[in-house]
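Heads up, the thing below is written out as structure tokens.
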There are 2 protein chains.
Amino acid sequence: MTNTREPGDARAQILSAAARLMAAHGFDGTSLQDIADAVGVSKPAVLHHYPSKEHIRAAVLQSILEHWREALPRLLLAASSGEGRFDAVFTELQRFFGESPDRARMLVREGLDRPDEFRKLLRGTVRPWLGAATEYVRTGNSLGRQHDDLDAEAYVIIALQMVVFTNALGPVVSAAIDAGPEGRERYHREVARIARSALFARPPKAPSGQ
Amino acid sequence: MTNTREPGDARAQILSAAARLMAAHGFDGTSLQDIADAVGVSKPAVLHHYPSKEHIRAAVLQSILEHWREALPRLLLAASSGEGRFDAVFTELQRFFGESPDRARMLVREGLDRPDEFRKLLRGTVRPWLGAATEYVRTGNSLGRQHDDLDAEAYVIIALQMVVFTNALGPVVSAAIDAGPEGRERYHREVARIARSALFARPPKAPSGQ
DNA sequence: CCTACCGATCGGTAGG
DNA sequence: CCTACCGATCGGTAGG
């Protein structure tokens, strides 16, 4: 009956539009009017739900971190062990950013635009998970399946960074290969292969038994 | 005697300031007044040397590409062969972007802000070099020293991408490891190790003979 | 949530 | 008449 929006809906629409626009054009390249137009409301209406443009940016970042914390258990509890577990975790990671490249783009932009704040964000949010991932890498390392000159902590960060950048600029960079849609496929497959072969000293061919 | 600037000096100063500001704050986050202030002239003076802000952006990108074309011979002619040549090329690549992270930041920003134009830029500028690099990787592959499931073209692009991103966001991301300056060192070393071990099936320990 | 505005600053250009 | 600028202001738009 009531075609009027329920409260909270407008906020969600504003957040969604802002996330998409800011990921595409940046914070400075996105005006409150752009967001208002995308939602179909007036500019003051936007500022009724969020007190300032800066608050909208914070909310967009916060929603990304929420999704991240939500996906963390799935990432960490990815089944199996050893090389199989790596593939499972890496696949989940690719899915997380692949299903919404805007997340990756927003994170890259934040790193460029506000390096100091972004550093703190990384330390506060990624650090806990980083510890667990590093532990896993070190465990595999002690079992002698991995490269002995591997820097576990640095590796985890760089692998994560590769996934983020791949999804942030992948469509642009992968086009340098060729025009076909297979270009993206090859690109993503090679990213996974690089991360895997940089981790395991003996490249996994076919899992025998396990 | 004459403390007056010779012609061309002002243009170079504007270009330098614009490159630094746009790399740090983006195109939309940099005003003509910001550039004018950085150089110490008026805004109309800036617009006398470059007809518009857009022309300044084009000039900044152009200067990066000039440096790139200038560094290309050094990159391609990096001595030795096989794994030694890889290290030489990769080191030169790291130096190119490492000596001016603003270049890397500007490229990443362009990829985010103007994906279509950036794609054309990649195709026009990086493509020729890409062919040579891919050929080199394929040659090594046929000699059986490299992973047989390696996608040469995709690998080259991703390796290049890793160097660009490492230098664009390195100081921010590497801080996630720890506060010390050694963090950056470890970070860069691990990037090189990942690229190398993803390329060569047998990790190089010590060059014997050759 | 709208219309109607503010101080300021945007990119760009006027006359001199 | 040219260049290399200046102070002032253009029409619009930013965040609020």
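Chain A is the first sequence line, chain B the second, and so forth, proteins listed ahead of strands; every chain is numbered from 1.
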Item to complete: Report the residues that fulfil ring pair (Phe, Tyr, Trp, His ring centres under 6.0 Å) with B:Tyr155, sequence neighbours left out, ordered by chain and then residue number.
Response: none
Practice prompt. Round to a whole Å and report the spacing from CD of B:Glu54 to P of C:dC10.
Written response: 17 Å
Discussion item. If I take atom NE2 in residue B:His55 and atom P in nucleotide C:dG12, what distance separates them, rounded to the nearest angstrom?
Written reply: 10 Å
Worksheet item: Can you check the A:Leu47 CG to C:dC2 C1' distance for me, whole Å?
Response: 13 Å
Practice prompt. Is it possible for you to check whether B:Arg196 lies under 6.0 Å from the centre of the six-membered ring of B:Phe90, through NZ or CZ, and within 45° of that ring's axis?
Written response: no
Worksheet item: Mind checking the P distance from D:dG16 to C:dA4? Whole angstroms is fine.
Response: 22 Å
Practice prompt. List in numerical order all residues of residues 16-36 of chain A for which some heavy atom is under 4.0 Å away from an atom belonging to DNA chain C.
Written response: none
Worksheet item: Picking from D:dC5, C:dC1, C:dG12, which would you name as closest to the side chain of B:Ala45?
Response: D:dC5
Worksheet entry | A:Glu66 bridged to A:Arg69 by N-O distance under 4.0 Å | no
Practice prompt. Would you confirm whether the ring centroid of B:Phe86 sits within less than 6.0 angstrom of the ring centroid of B:Tyr136?
Written response: no
Worksheet item: How many Å lie between NZ on A:Lys53 and P on D:dT13, as a whole number?
Response: 15 Å
Worksheet item: Would B:Asp102 and B:Arg20 pass as an ion pair if we require N to O under 4.0 Å?
Response: no
Worksheet item: Between C:dC1, C:dG11, D:dA8, which nucleotide has the shortest distance from any of its atoms to the side chain of B:Lys43?
Response: C:dG11
Response to the item:
A:Arg57 CZ to D:dG16 P, in whole Å, measures 12 Å
Item to complete: Pick the P atom in D:dA8 and in C:dG12, then give their distance to the nearest Å.
Response: 22 Å
Fill in: Intra- and interstrand pairs of DNA chain D - dot-bracket, Watson-Crick/G-U under 3.5 Å, | marks other strand
.....|...|..|.||
Discussion item. With a cut-off of less than 4.0 Å, is there a side-chain N or O of B:His48 near OP1 or OP2 of D:dC6?
Written reply: no
Discussion item. Measure OH/B:Tyr50 against P/C:dT13 and give the value in whole Å, please.
Written reply: 17 Å
Response to the item:
So salt bridge (Lys or Arg N to Asp or Glu O under 4.0 Å) across residues 45-58 of chain A, not counting sequence neighbours, yields A:Glu54-A:Arg57, A:Glu54-A:Arg114, A:Arg57-A:Glu110
Fill in: Qualifying side chain to side chain donor-acceptor pair (under 3.5 Å) pairs, either residue in residues 160-171 of chain B, two or more places apart
A:Tyr187-B:Gln161, B:Gln94-B:Asn167
Worksheet entry | Test: B:Arg109 and A:Asp113 ion pair at under 4.0 Å | yes
Practice prompt. Give the nucleotide from the list C:dC2, C:dG11, D:dC5 with an atom nearest to the side chain of A:Pro44.
Written response: C:dC2
Worksheet item: Rounded to whole angstroms, how far apart are CD1 on B:Ile14 and C1' on C:dG12?
Response: 15 Å
Item to complete: Return the set of residues passing side-chain contact (heavy atoms from CB on, under 4.5 Å) with A:Glu185 (not counting sequence neighbours), or none when no residue passes.
Response: A:Arg189
Worksheet item: Of the nucleotides C:dG12, C:dT3, D:dC5, which has the atom closest to the A:Ser42 side chain?
Response: C:dT3
